[in-house]
> 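Take a look at the following structure, please.
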Number of protein chains: 2
Amino acid sequence: MFSKACEYGIRAAVYIALQSLDGRRVSVNEIAEEIDSPIAFTAKILQQLSRNNIIHSVKGPTGGFQIAREDMDAVKLNMIVKAIDGDKIYVGCGLGLKECNAQKPCPLHDKFVDIRTDLSKMLKSTSLFELATGLEVGLTYLKR
Amino acid sequence: MFSKACEYGIRAAVYIALQSLDGRRVSVNEIAEEIDSPIAFTAKILQQLSRNNIIHSVKGPTGGFQIAREDMDAVKLNMIVKAIDGDKIYVGCGLGLKECNAQKPCPLHDKFVDIRTDLSKMLKSTSLFELATGLEVGLTYLKR
DNA sequence: CATTAATCGGACAAAAATGTCCTTTATTTG
DNA sequence: CAAATAAAGGACATTTTTGTCCGATTAATG
Ligand code: FES
Ligand code: FES
């Protein structure tokens, strides 16, 4: 569904949001530890998110990553997915034709578009804040 | 969503079904031509489908691939996906945790499971015959 | 101002997915 | 039986994704 990079990216963003709720700024090392991901690879992904203004980074001692409270509401999952995986899950054909096209649809088009539309709606409507709150009360987990 | 191999596998199976409706047995070369896929790679995928009894292969002159009319109803998409991509789309966690687990869910679990369940139902209920008939009447396409 | 701690960015490495080539095996046909 | 045809299967090549390493840059602190 999502690439590994995107999975790490979402988990990382949720963790940063959670910590930012407590006013804590977090380092790559801490993030990788807490979401159980490869450190250097995670750093690369965080750079992408930072360049796309999805998270905020601060260099130097006491530096790290954080997300402003308002941004946790504004940042929806689809923004993270788009920043990392591009728009292939939104425009791609389920059976691999060049692009999805209702004029010359593949045999699975109608059924595939239904699913994809649901997925897209879900991603567009789910905010980082929403995901972080489940974590906060111990209902959900970012690693096992 | 699906791997390239799986996409080719589904397109190939639909094409074989379509031709089998006319009593024609088709070669790898013809299949690859008609679904616009790499020949040798497609051959590998057809072997997998054949070993999983999803399509039937015949060696030698006049040989090729075919699917019995009954099997076109019996073979659902989920069987092809499972044969090629395994069950990761059925048991995997959307955020990449080891496996999806409602006891210790990731923050996206509930929403992800909804989508995945719809996808799973769709794949389990869609037969090869159904996909082939759309092609037959010129409503859908396997290449562009 | 020197040290230190942190991200940034580029080059590289490893693994997995995708794709190719060639030999073997089975089967039909002359 | 010999020749030709088509799938089967193994080895190899390429590309993409995933992951690592290290020097450069930025900023805080004594
Ligand atoms: S054309 Fe294949 S999903 Fe739309
Ligand atoms: S635990 Fe992540 S999707 Fe179920």
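Below, chain A is the first sequence line, B the second, and so on; all start at residue 1.
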> Look at the side-chain N and O atoms of Ser57(A) and state whether any lies under 4.0 Å from the OP1 or OP2 oxygen of dA6(C).
no
> When the distance from CG of Leu49(B) to P of dA7(D) is rounded to whole Å, what number comes out?
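Answer to the nearest Å: 14 Å.
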> Of the listed nucleotides (dT7(C), dT18(C), dA8(D)), which one gets closest to any side-chain atom of Phe65(B)?
dA8(D)
> Is the phosphate of dA7(D) approached by Ser50(B) (side-chain N or O, under 4.0 Å from OP1 or OP2)?
no
> Starting at atom CD1 of Ile39(A), determine the distance to atom P of dC21(D), rounded to an integer number of angstrom.
10 Å
> For the residue pair Lys88(A) and Glu99(A), establish whether any side-chain heavy-atom pair is separated by less than 4.5 Å.
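Answer no - side chains too far apart.
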> Specify the separation, in whole Å, of atom CZ of Arg25(A) and atom C1' of dT26(D).
13 Å
> Can you tell me the distance, in whole Å, between the CG atom of Asn29(B) and the P atom of dA7(D)?
7 Å
> Side chain of Pro61(B): nearest nucleotide among dT7(C), dA4(D), dT18(C)?
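Nearest listed nucleotide: dA4(D).
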> In whole Å, what is the span from the NZ atom of Lys59(A) to the C1' atom of dT4(C)?
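So the NZ-C1' distance, Lys59(A) to dT4(C), works out to 15 Å.
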> Which listed nucleotide (dC8(C), dA6(D), dT18(D)) is nearest to the side chain of Ser27(B)?
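Minimum distance to the Ser27(B) side chain belongs to dA6(D).
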> Measure up the Phe41(A) and Tyr8(A) rings against each other and bin them: parallel (under 30°), tilted (30 to 60°), perpendicular (over 60°).
perpendicular
> Rounded to whole angstroms, how far apart are CD on Gln66(B) and P on dA6(D)?
15 Å
> Which whole-number value in Å describes the distance from Leu46(A) CG to dT18(D) C1'?
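Going from Leu46(A) (CG) to dT18(D) (C1'), I get 15 Å.
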> Which listed nucleotide (dT20(C), dA28(D), dT25(D)) is nearest to the side chain of Phe41(B)?
dT20(C)
> Side chain of Pro38(A): nearest nucleotide among dT18(C), dT20(D), dT18(D)?
dT20(D)
> Checking side-chain polar atoms at under 3.5 Å, does Lys111(B) have a donor or acceptor matched by the opposite partner on Thr126(A)?
yes
> Quick check: on DNA chain D, is the nucleotide nearest Lys88(A) upstream (toward 5') of the one nearest Arg51(B), or the reverse? Name the residue that is more 5'.
Arg51(B)
> Of the options dA8(D), dT20(C), dT18(C), whose atoms approach the side-chain atoms of Ala40(B) most closely?
dT20(C)
> For dT7(C), take OP1 and OP2 only and decide whether either is under 4.0 Å from a side-chain N or O of Gln47(A).
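Answer no for this pair, as no side-chain N or O of Gln47(A) is under 4.0 Å from OP1 or OP2.
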> Let me know the distance between CD of Gln48(A) and P of dG9(C), rounded to the nearest Å.
11 Å
> Heavy atoms, side chains only, cut-off 4.5 Å: are Tyr141(B) and Asn101(A) in contact?
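In short, these two side chains do not touch, never coming nearer than 4.5 Å.
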> Looking at Tyr8(A), does any N or O in its side chain come under 4.0 Å of the phosphate oxygens OP1/OP2 on dT18(D)?
no
> Is the side chain of Arg144(A) donor-acceptor paired with the backbone N or O of Lys104(B) at a distance under 3.5 Å, no angle test?
yes
> If you check every side-chain atom of Lys44(A), which of dC21(D), dT7(C), dA7(D) has the closest atom?
dC21(D)
